[in-house]
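Below is one structure, written out as structure tokens; the observations come after it.
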Amino acid sequence: MNTDIVDLREFYNSRLGRRARDKIAMALSAVWSASGNERLLGLGYTLPYLDRFRSDAEHTIAFMPAKQGAIAWPRHEPCAVSLVFDEELPLADSSIDRILMVHSLEFTEDPAETLKEIWRVLSPNGSVIVVVPNRRGVWCRFEHTPFGAGQPYSRGQLAQLLRAANFTPRGSSEALFFPPTDRAPVLQASPMWERLGRRFWPLFSGVIVMEAQKKLYQGLPVAERSSRRIFVPVLSPQPSSLGRNKRESD
């Protein structure tokens with residue numbers, strides 16, 4: 001199950017979405033070592049988080065998967081968003097210093113291929129930060145948030161997937177220990193839920209945040225491949241199967 005850009009935008013505009021954004025941003029800060037003059041890429045729906053971290057970057061762009069859709073960003077500035085296939089990023093080798101993946105890896109058709117492509121475009125000392133739903137948490141069990149869609153991961157599964165793609169996991173954090181409801185008493189108590197959760201039940205967070213560095217002493221096989229994918233505008237008229245069958249019979 002995929003979530004589209006309308007659902008994601010509506011969620012982050014809601015009371016529950018804004019509170020979830022703040023808690024995930026805190027978890028990102030725990031693993032995000034600020035370094036100036038870096039080239040930052042957001043893959044997935046990362047706009048609620050890029051606004052917080054792009055001030056330290058030399059250049060920031062946002063890639064949104066074709067199945068998800070895209071919206072313009074940032075406001076009042078030249079658009080820095082592109083619609084892409086996550087297994088075929090339109091970037092040169094070693095052209096990005098840091099990649100943030102949110103609402104991305106859990107929706108990919110082939111996570112291993114996507115991470116190989118991430119490895120290709122990262123610079124030699126580059127790193128990727130991945131945010132995914134935790135399969136042991138409560139949030140992945142409710143479909144009224146985007147964290148209830150896609151493939152959830154455990155911490156061990158995510159680390160194993162990153163290692164298989166020639167990344168070295170360096171640090172992790174977690175967020176969303178409060179129940180996924182927008183009831184005012186729960187949202188008001190969310191700071192307490194987060195503190196208690198990180199201390200007593202970190203395995204049951206709503207999301208896992210993991211940073212991994214590109215591994216250089218192992219090489220990946222390189223092969224030329226031609227893309228078999230094309231963008232088809234949603235609003236372009238498509239002939240119905242009934243019409244095609246009629247023309248073929250004529």
Side-chain angles (χ1 to χ4, degrees), residues 24-54 56-65 68 80-82 84-134 146-147 150-175 205 207-220 222:
I24 294 173
M26 291 177 61
L28 284 169
S29 298
V31 299
W32 194 292
S33 55
S35 59
N37 300 323
E38 67 178 6
R39 296 156 294 180
L40 173 62
L41 167 66
L43 181 59
Y45 189 72
T46 57
L47 306 189
Y49 309 101
L50 287 182
D51 279 328
R52 297 191 175 209
F53 296 104
R54 71 187 184 108
D56 294 326
E58 174 188 347
H59 188 65
T60 305
I61 54 178
F63 282 176
M64 297 186 178
Q68 185 183 97
V81 172
S82 293
V84 302
F85 296 118
D86 47 23
E87 297 174 15
E88 301 173 10
L89 301 180
L91 293 170
D93 295 355
S94 303
S95 57
I96 297 294
D97 299 309
R98 194 192 310 242
I99 297 178
L100 173 63
M101 300 179 70
V102 187
H103 303 300
S104 174
L105 191 64
E106 64 267 33
F107 298 118
T108 60
E109 296 179 6
D110 191 332
E113 285 298 318
T114 296
L115 288 174
K116 287 181 181 179
E117 184 70 350
I118 295 296
W119 190 97
R120 180 186 68 82
V121 302
L122 275 174
S123 62
N125 294 319
S127 63
V128 58
I129 300 178
V130 185
V131 179
V132 293
N134 182 6
F147 303 103
Q151 173 64 50
Y153 292 89
S154 68
R155 192 183 305 272
Q157 288 173 330
L158 181 58
Q160 183 178 7
L161 188 63
L162 287 165
R163 290 191 184 100
N166 282 331
F167 287 96
T168 301
R170 296 198 305 180
S172 64
S173 185
E174 54 280 317
S205 62
V207 299
I208 298 169
V209 179
M210 187 170 291
E211 182 193 23
Q213 188 172 28
K214 180 176 180 177
K215 190 187 298 182
L216 292 178
Y217 56 83
Q218 290 181 337
L220 291 177
V222 177

- Query: Within a strict 4.5 Å, meaning less than it, do heavy atoms of the L115 and L105 side chains meet?
  - Reply: yes
- Item | Partner residues of R155 under the side chain to side chain donor-acceptor pair (under 3.5 Å) criterion, sequence neighbours left out | S172, E174
- Query: Is any side-chain heavy atom of I61 closer than 4.5 Å to a side-chain heavy atom of S82?
  - Reply: no
- Least distance between heavy atoms, R120 atom then K214 atom: O-NZ, 4.1 Å
- Message: Check whether E117 reaches the backbone of L89 with its side chain - one donor and one acceptor, N or O, closer than 3.5 Å.
- Response: yes
- Message: Treating Q68 as the side-chain partner and P65 as the backbone partner, does any N or O pair qualify as donor plus acceptor under 3.5 Å?
- Response: no
- To the nearest 0.5 Å, how far apart are OG in S123 and CD1 in I96? 8.5 Å
- Message: Using side chain to side chain contact (heavy atoms under 4.5 Å, CB included), reason through M64 and V81 one step at a time and then give a plain yes or no.
- Response: CA-CA 7 Å; M64 297 186 178; V81 172; 4.1 Å; yes
- Message: Measuring from atom CD of Q213 to atom CZ of R98, what distance do you get when rounded to the nearest 0.5 angstrom?
- Response: 10.5 Å
- State, with a plain yes or no, whether a side-chain heavy atom of F147 is found less than 4.5 Å away from one of P152. no
- Between A212 and F167, what is the shortest heavy-atom contact and its length? CB-CB, 3.8 Å
Donor-acceptor pairs under 3.5 angstrom involving side-chain atoms of residues 45-52: please list them, not counting sequence neighbours.
| unit_1 | atom_1 | unit_2 | atom_2 | d |
| --- | --- | --- | --- | --- |
| Y49 | OH | Y12 | OH | 2.9 |
| D51 | OD1 | W73 | NE1 | 3.1 |
| R52 | NH2 | D22 | OD1 | 2.6 |

- Exactly one candidate in V130, I129, L40, V121 meets side chain to side chain contact (heavy atoms under 4.5 Å, CB included) with I99; the answer is V121
- Message: What I'd like to find out is whether the side chain of M101 reaches to under 4.5 Å of the side chain of D86, using heavy atoms alone.
- Response: no
- Task: Determine the minimum heavy-atom distance between G171 and V31, stating which atoms define it.
- Result: C-CG1, 4.1 Å
- Query: Got V102 and I24 here, is their nearest side-chain heavy-atom distance under 4.5 Å?
  - Reply: no
- Query: Does a side-chain heavy-atom distance below 4.5 Å link I118 with L43?
  - Reply: yes
- Query: Rounded to the nearest 0.5 Å, what separation is found between the OG atom of S127 and the CG atom of L100?
  - Reply: 10.0 Å
- Nearest heavy atoms of W119 and A165, plus distance in Å: CD1-O, 3.5 Å
- What distance separates N125 CG from L216 CG, expressed to the nearest 0.5 Å? 6.5 Å
- dist L122:CG -> K215:NZ (nearest 0.5 Å) comes out at 14.5 Å
- Query: To the nearest 0.5 Å, what is the distance between CZ (R39) and NE2 (H59)?
  - Reply: 10.0 Å
- Task: With the side chain counted from C-beta on, respond yes when F63 and S104 share a heavy-atom pair under 4.5 Å apart, and no when they do not.
- Result: no
- Where do E58 and N37 come nearest, in terms of heavy atoms and distance? OE1-O, 3.4 Å
- Please name the pair of heavy atoms, one in M210 and one in P169, separated by the smallest distance, quoted to 0.1 Å. SD-CB, 4.2 Å
- Message: Can you confirm whether more than 12 heavy atoms, excluding those of Q160, are under 6.0 Å from its CD atom?
- Response: no
